[in-house]
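Notes to accompany the following structure.
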Amino acid sequence: MADQSAYSDSAVMPTYGRANLSFVRGQGSWLYTADDKAYLDCATGIAVNIFGHNDPRLTAALHQQADKLWHTSNLYRIPEQERLATRLAGHAKLEHVFFCNSGAEANEAAVKMARRFKNRTSGEGCYKILCAGGSFHGRTLAMLAATDKPLFRDGFGPMPLGFEHVPFGNLNSLRDALSDDVAAIMVEPVQGEGGANAAPDGYMQGIRAAADEYGCLLIADEVQSGMGRTGHLFAYQAADIQPDLVVLAKGLGGGFPVGAVIARRDIGEAMGPGSHGSTFGGNPLAMAVANAVLDGLEEDGFLVAVRERIASLDGYLTQLQHAWPEKIIELRGAGLLRGLRLGDDIAVGEATRALRDRHLLCVPAADNVLRLLPPLTINEDDLAIAQSALEHFFSEVAAT
Ligand SMILES: *Cc1c(COP(=O)(O)O)cnc(C)c1O
């Protein structure tokens, strides 16, 4: 089955390299085609369906809200939005939350907030945002400038000014690039698209210290790594640091589109009525679902169980790598955001296709990395099925 960027019978713009495959329903960790073929979902719509598919709690929350009220806009108070804001802010030890609809939009808002805050506290010209090599922050123009992937910018220039990149994981380079005109350092605690790269030990703490020293803000882009994926609600919590802005999307709605920026009180206060907005942001449907998602993550023992699944997956992946060290050059990532860096003789696109043919859904990432993003609720049996599909795949490529 060949990937194609366009299908001649489709009026959908050919911006994606889509598989010629579609699903009509999902249950738990599995997706089903119209002819009822089952696929194990270790892609989760790119780290979105954290409770798998058709979770009864999320479905009930959406139905209940759909029967009451869909949308009123932010001209009026939205009680479910205020409730979610209080809860998210509490978890992040911050005070203000802005809601939008996607990760790119949320990152874009976080950059606006950082710039506004520095503008008000340090004056004009302190607008620079330091980003990391291999970063991915979204596809709006400003987030293309923040993303370290020149190919994504091809033909879309000029790019917004004020974004600079330093090698991910290297504190010396970061410190060399810091100056008074930096508004914020923006970083993914575990890079997703960039190849499932976990921040090395001490890196997040070092960024925090450098940001404090230079008086700039720390934006944690937790769009992919957040919402329990690493066994912590937010991945930065493993490093025991405090960001000034935390950006969420993907898993926040468990499949319902929603994004959020959590900010320190004084950063929120530097924004004010009219400074930013979104027609749909934080609408009652999204808020009902996201509150239900948070209920699930807050359930007693839930994250503990996620950490057990993480340990199982880690065990499986370590075994695989021991068996095929030439095919799996490196294990990367953290938690349930894991990557297998493949040997140069296996193209990750081919591997993704071959695994899909074995009914295991994975996602390619940069650096020839095969990325696994299972639901946080994946059970032991399904993890073993994923391992077996990977084993068959690697034994087959080892034989050729
Ligand atoms: C996916 C992703 C984004 C962009 O989110 P969209 O909802 O696609 O706009 C931003 N940052 C990170 C880390 C991501 O993984």
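In each ligand, atom 1 is the first atom listed, and ligand 1 is the first ligand listed. Every heavy atom of this structure was used, including side-chain atoms; hydrogens, water molecules and symmetry mates were not.
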I'd like to check which ligand 1 atoms, numbered from 1 as shown, lie under 4.0 Å from a non-hydrogen atom of [X].
X	result
Glu188	13 (C)
Asn107	10 (C), 11 (N)
Ser102	7 (O), 9 (O)
Ala104	4 (C), 5 (O), 6 (P), 9 (O)

Should [X] be counted as touching ligand 1, given the test is an N or O pair under 3.5 Å?
X	answer
Asp221	yes
Ala249	no
Gln224	yes

- Query: Are Tyr39 and Phe23 an aromatic pair by the rule of ring centers under 6.0 Å?
  - Reply: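 Yes, the ring centres sit under 6.0 Å apart.
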
- Phe51 ring center near Phe302 ring center (under 6.0 Å):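 Between Phe302 and Phe51, which both carry aromatic rings, the centre distance is below 6.0 Å.
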
Given side chains that start at C-beta, do those of [X] and [Y] come closer than 4.5 Å, heavy atoms only?
X	Y	value
Met227	Leu297	yes
Val261	Leu248	no
Asn101	Ser278	yes

- Task: Specify the protein heavy atom at minimum distance from atom 5 (O) of ligand 1: its residue, its atom name, and the distance to 0.1 Å.
- Result: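 Answer, as residue, atom name and distance: Gly103 CA, 3.3 Å.
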
- Task: Give the residue and atom name of whichever protein heavy atom lies nearest to atom 1 (C) of ligand 1, and the separation in Å to one decimal.
- Result: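 Nearest neighbour among protein heavy atoms for atom 1 (C) of ligand 1, to 0.1 Å: Lys250 NZ, 1.4 Å.
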
- Evaluate the ring planes of Phe234 and His91, with Trp represented by its six-membered ring, and classify them as parallel (under 30°), tilted (30 to 60°) or perpendicular (over 60°).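 Taking His91 first and then Phe234, their aromatic rings stand perpendicular (interplane angle over 60°).
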
- Message: Below 4.0 angstrom, counting only protein heavy atoms, does anything approach atom 8 (O) of ligand 1?
- Response: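 It does not: no protein heavy atom is found less than 4.0 Å away from atom 8 (O) of ligand 1.
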
- Query: Does the pair Asp314/Arg309 count as a salt bridge with the N-to-O cut at 4.0 Å?
  - Reply: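 Salt bridge flag = no for Arg309 with Asp314.
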
